[in-house]
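Below is one structure, written out as structure tokens; the observations come after it.
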Amino acid sequence: MSIIFIASSKLPTKHGDFLIHAFEESESGQEHIALSMGNVADGQPVLIRVHSECLTGDGFGSLRCDCGPQLEAAMQKVAQEQRGVILYLRQEGRGIGLVNKVRAYALQDKGADTVEANEQLGFAPDLREYSMCEDMLKHLGIHQVRLMTNNPLKVAALEQHGIDVVERVPLMTGRNPHNDQYLDTKEEKMGHLF
């Protein structure tokens, strides 16, 4: 997959001043974003979060998942260190898309867990892919990362694409009564570490 850098701009946020960098996949036209803070091209390992888009959690504040709180916590951690990157990948619903995610929610309302719902719709539990991350990080001058994640499969996927993950940084946040089963399923069926 070939990634094209499009543009960068200042992005002041409630967590501090970031730079926002836009990228596009040359084949599909799919757009992705990187937020950076501080000097990330100094050769030292960089604190990063690879975050897949979640409109319901990130934008609407849904309590069905932990996505919104994880994004907030990642931005706070980067701001605390005054250095880091968040890759925001346009892979809604673990890669099944927004409308299918709502369909999966409807199945979850009837008792399916998050894995079963995807499978009932004919999808794998997780269709995300991370090949674009290598080019995005290279563009930013990053060679080693400290990855904020609870998902060991994400660590393995990034390493498979040539990214040197020197540390996994747990990101424990956002558990509530509405997402207990969701998080339990991620732990039991998808290997997440909580």
Side-chain angles (χ1 to χ4, degrees), residues 15 18 32-37 40 45-81 83-98 101 104-105 108 112-119 123-134 136-137 142 144-194:
H15 303 293
F18 286 83
H32 304 288
I33 293 293
L35 298 180
S36 68
M37 182 180 281
V40 296
V46 176
L47 181 66
I48 74 163
R49 165 85 179 149
V50 177
H51 189 90
S52 293
E53 179 179 46
C54 176
L55 178 63
T56 51
D58 302 339
F60 299 144
S62 170
L63 298 176
R64 291 185 81 128
C65 62
D66 56 343
C67 302
Q70 283 189 323
L71 180 59
E72 286 284 317
M75 291 180 74
Q76 289 170 359
K77 285 179 184 280
V78 167
Q80 286 168 0
E81 292 198 8
R83 182 175 177 271
V85 168
I86 295 165
L87 300 184
Y88 194 84
L89 308 180
R90 306 295 301 278
Q91 303 188 106
E92 184 76 46
R94 292 198 305 271
I96 66 173
L98 181 58
K101 178 179 174 179
Y105 278 175
Q108 291 170 39
D113 67 33
T114 184
V115 169
E116 294 164 348
N118 276 24
E119 291 173 342
F123 299 110
D126 192 341
L127 292 174
R128 292 175 296 181
E129 68 109 343
Y130 301 99
S131 59
M132 71 288 284
C133 298
E134 182 181 12
M136 293 171 75
L137 292 171
I142 297 170
Q144 294 184 315
V145 302
R146 299 168 47 229
L147 181 63
M148 290 183 274
T149 187
N150 302 321
N151 184 354
L153 295 177
K154 190 181 287 185
V155 174
L158 292 183
E159 289 175 337
Q160 177 186 346
H161 289 292
I163 297 165
D164 186 6
V165 181
V166 299
E167 180 185 1
R168 182 187 73 83
V169 179
L171 196 59
M172 308 295 191
T173 186
R175 185 177 280 271
N176 67 71
H178 301 282
N179 68 18
D180 270 334
Q181 181 189 4
Y182 168 80
L183 295 177
D184 290 346
T185 300
K186 283 172 71 170
E187 183 175 22
E188 294 162 13
K189 293 188 175 181
M190 301 177 80
H192 288 223
L193 304 171
F194 291 110

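Sequential numbering from 1 along the given sequence is applied to the chain's residues. Given the structure is predicted, the values throughout are model-derived calculations rather than measurements.
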With side chains defined as the heavy atoms from C-beta onward, is the minimum distance between Leu137 and Leu87 less than 4.5 Å?
yes
Determine whether Leu71 and Arg49 satisfy the following criterion, side-chain contact (heavy atoms from CB on, under 4.5 Å), listing intermediate values before the conclusion.
CA-CA 8 Å; Leu71 180 59; Arg49 165 85 179 149; 5.5 Å; no
Does a side-chain heavy-atom distance below 4.5 Å link Met75 with Leu35?
yes
Atom CD1 in Ile163, atom CD1 in Ile48: separation rounded to 0.5 Å?
6.5 Å
Taking all non-hydrogen atoms of both residues into account, name the closest pair between Lys101 and Gly93 and its distance.
CD-CA, 3.9 Å
Looking at side-chain heavy atoms only, is the closest gap between Gln91 and Glu129 below 4.5 Å?
yes
Restricting to side-chain contact (heavy atoms from CB on, under 4.5 Å), what partner residues turn up for Gln144, sequence neighbours left out?
Pro45, Asp164, Val166
Please report the closest heavy-atom contact between Ile86 and Ala74, naming both atoms and the distance.
CD1-C, 4.0 Å
For Cys65 and Cys54, the nearest pair of non-hydrogen atoms, with its separation, is SG-SG, 3.7 Å
What are the two closest non-hydrogen atoms of Pro125 and Asn118, and how far apart are they?
O-ND2, 3.2 Å
Taking C-beta and beyond as the side chain, do Met37 and His15 meet within less than 4.5 Å on heavy atoms?
no
Qualifying salt bridge (Lys or Arg N to Asp or Glu O under 4.0 Å) pairs, either residue in residues 145-156, two or more places apart
Glu81-Arg146, Arg146-Glu167
Are the side chains of Leu147 and Arg168 in contact, using a 4.5 Å heavy-atom criterion?
no
Salt bridge (Lys or Arg N to Asp or Glu O under 4.0 Å) partners of Arg90, counting only residues at least two apart
Glu31, Glu53
Okay, side chain of Glu92, backbone of Leu55: is any donor-acceptor separation there less than 3.5 Å?
yes
What are the two closest heavy atoms between Gln70 and Asn150, and how far apart are they?
NE2-ND2, 3.4 Å
Once side chain to side chain donor-acceptor pair (under 3.5 Å) is applied, do any residues pair with Gln76, and if so which ones, sequence neighbours excluded?
none
Which heavy atom of Ala73 sits nearest a heavy atom of Leu171, and at what distance?
CB-CD1, 3.9 Å
Nearest-0.5 Å distance, OG of residue Ser52 to CG of residue Leu127:
11.0 Å
Out of Val50, Asn151, Leu153, which one pairs with Arg128 under the side chain to side chain contact (heavy atoms under 4.5 Å, CB included) rule?
Asn151
When His51 is tested against each of Asp58, Ile33, Leu89 for side chain to side chain contact (heavy atoms under 4.5 Å, CB included), which residue passes?
Asp58
Those residues at least two apart in sequence (or on a different chain) that pass salt bridge (Lys or Arg N to Asp or Glu O under 4.0 Å) with Glu72 are Lys14
Arg83 versus Val46: any side-chain heavy-atom pair under 4.5 Å?
yes
Please name all residues satisfying ring pair (Phe, Tyr, Trp, His ring centres under 6.0 Å) with Phe18, sequence neighbours left out, ordered by chain then number.
none
